[in-house]
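Read the structure below first, then the notes.
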Amino acid sequence: MELAKVDAIIDRYNNDPTALLAIMQDVQDEMRYLPREAVTRISQKLSVPVARIYSMATFYTSFHLEPRGKYTCTVCMGTACHVRGAKRLVEQLERDLAIPSGKTTADLLFSIEEVNCVGACALGPLVIINGEYNGNMTSDLVSKKVKQIKSQEGGA
Amino acid sequence: MTVKFTINGVPVEAEKGESVIDVARRYGFEIPSLCHHPAVEPYGACRVCLVEISKGGRKKMTTCCNYEVQDGIEVVTDNEDIRRNRATVIELLLAEAPKAKAIVKLAEEYGIHKSRYEKEGDPVAQMHDGCILCGLCVRVCTEVVEVSALNFTGRGDKRNVGTPYMETPQNCIACGACAYVCPTDCIGFEEENGVRRLKKWNRELPLAKGEDGRPFAPQFQLWYFTQKAGLDKDFYKKGGPGSR
Ligand code: SF4
Ligand code: SF4
Ligand code: FES
Ligand code: FES
């Protein structure tokens with residue numbers, strides 16, 4: 001764990017406890033999740049109880065306390081995407097990656113996530129992979145995407 | 001600064017910053033409450049302290065534990081409307097905590113013997129284990145004990161109170177303050193065989209013996225007190241700080 005990175009982020013905010021949320025976001029951006037050591041460090045440096053940080057980290061769905069994959073496949077489960085078969089896309093991803101939705105593969109390459117409407121309903125169903133919006137998705141297309149990333153990353 | 005207003009038509013006086021519930025009780029008016037304690041900040045979670053407050057000719061029903069006194073307001077603490085609204089809230093709370101004595105008693109006062117909302121085997125109710133999420137334990141541990149071992153976790157139907165990572169809190173001094181203020185007795189404070197236990201937090205600490213040789217308080221708690229209050233390290237003699 002590179003605590004130096006966490007320290008640098010906290011320093012950027014001058015150890016200001018009112019910047020807690022921003023610091024948590026920056027750490028999460030840097031590491032893709034909030035490692036426990038980072039939470040402890042933030043708590044010590046800002047004099048904010050761990051209980052409070054844990055409370056915030058579990059309140060906001062954008063925070064993760066477990067390691068996340070390099071690629072996050074976010075499936076929109078909003079009404080419009082749902083009626084166009086978003087559920088099938090999740091199931092396809094679950095099969096291809098052999099993990100349940102919400103989890104991360106052991107090689108830390110992929111995570112599956114579900115959200116509710118990202119405001120691009122006309123393009124539904126949507127799968128967002130690390131911020132890249134893929135509209136009009138089908139199970140086949142999603143599978144292809146995953147394969148592509150896998151080979152690109154030198155995997156099987 | 002003195003603030004003047006009326007409660008049920010009776011002129012009353014209060015200090016600026018006081019809450020309506022504290023003033024009403026001081027004057028003898030009864031208002032039910034579950035999440036209020038004068039030692040901590042109000043939170044307005046349980047909603048049973050509903051009253052009617054009129055201000056400038058406008059009347060509204062509101063919780064009064066988190067309502068600061070104001071000049072000229074007219075507070076009504078009891079009428080049919082208020083009782084009906086409180087009864088609904090109490091019935092919902094009874095569904096969450098059907099075994100909590102304080103809530104059962106309150107329900108009976110409002111003529112409720114069984115909640116229509118109770119769900120046998122409801123996973124959410126089971127997770128809460130009789131806890132009504134009033135937050136008193138959190139506030140007492142944070143504001144009074146200043147240990148901050150507890151907080152709310154999650155959101156929506158996963159909202160709960162607990163310890164970080166749902167683990168035994170290593171900073172908890174097992175003082176029992178949280179269990180003492182809990183309106184539903186769902187934390188579980190026990191002392192036996194020289195050990196004090198807080199069941200809900202899974203915290204257990206051995207009790208130091210007092211001068212009379214009887215178990216007295218956790219050594220860790222005494223150590224914390226001497227540190228906090230800047231007491232002599234031998235203040236609690238036998239129960240002293242030897243733990244660290
Ligand atoms: S017993 Fe532990 S959790 Fe409860 S108030 Fe005391 S320190 Fe906090
Ligand atoms: S455990 Fe008790 S004091 Fe804490 S939130 Fe639940 S009901 Fe309130
Ligand atoms: S429902 Fe998927 S973008 Fe709106
Ligand atoms: S006592 Fe006022 S909301 Fe609980």
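Note that the coordinates shown come from a computational prediction; the quantities given were computed from them, not determined experimentally. Just so we're on the same page: letters track the sequence lines, and every chain starts at 1.
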With a 6.0 Å cut-off (strictly less than), is the heavy-atom count around [atom1] of [X], excluding the residue itself, greater than 12?
{"X": "A:Arg68", "atom1": "CZ", "result": "yes"}
{"X": "A:Arg88", "atom1": "CZ", "result": "no"}
{"X": "B:Met166", "atom1": "CE", "result": "no"}
{"X": "B:Glu18", "atom1": "CD", "result": "yes"}
{"X": "B:Tyr117", "atom1": "OH", "result": "yes"}
{"X": "A:Lys45", "atom1": "NZ", "result": "yes"}

So how far is it from A:Thr61 OG1 to B:Lys158 NZ, rounded to the nearest 0.5 Å?
11.0 Å

Separation between CZ (B:Arg155) and OG (A:Ser55), nearest 0.5 Å, reads 11.5 Å

Examine whether an atom of B:Glu146 lies under 4.5 Å from a heavy atom of chain A, and if so say whether it belongs to the side chain, the backbone or both; otherwise answer neither.
neither

Please classify the contact between B:Thr163 and chain A as side chain, backbone, both or neither, with a heavy-atom cut-off of under 4.5 Å.
backbone

Where do B:Pro164 and A:Val50 come nearest, in terms of heavy atoms and distance?
CB-CG1, 3.7 Å

Of all heavy-atom pairs between A:Ala51 and B:Ser148, which one has the smallest distance, and what is that distance?
CB-O, 3.4 Å

Answer with side chain, backbone, both or neither: which region of A:Ile53 has an atom nearer than 4.5 Å to a non-hydrogen atom of chain B?
neither

So do the side chains of B:Thr153 and A:Tyr54 get within less than 4.5 Å of each other, counting heavy atoms only?
yes

When the ring centroid of A:Phe59 is compared with that of B:Phe152, is the distance short of 6.0 Å?
no

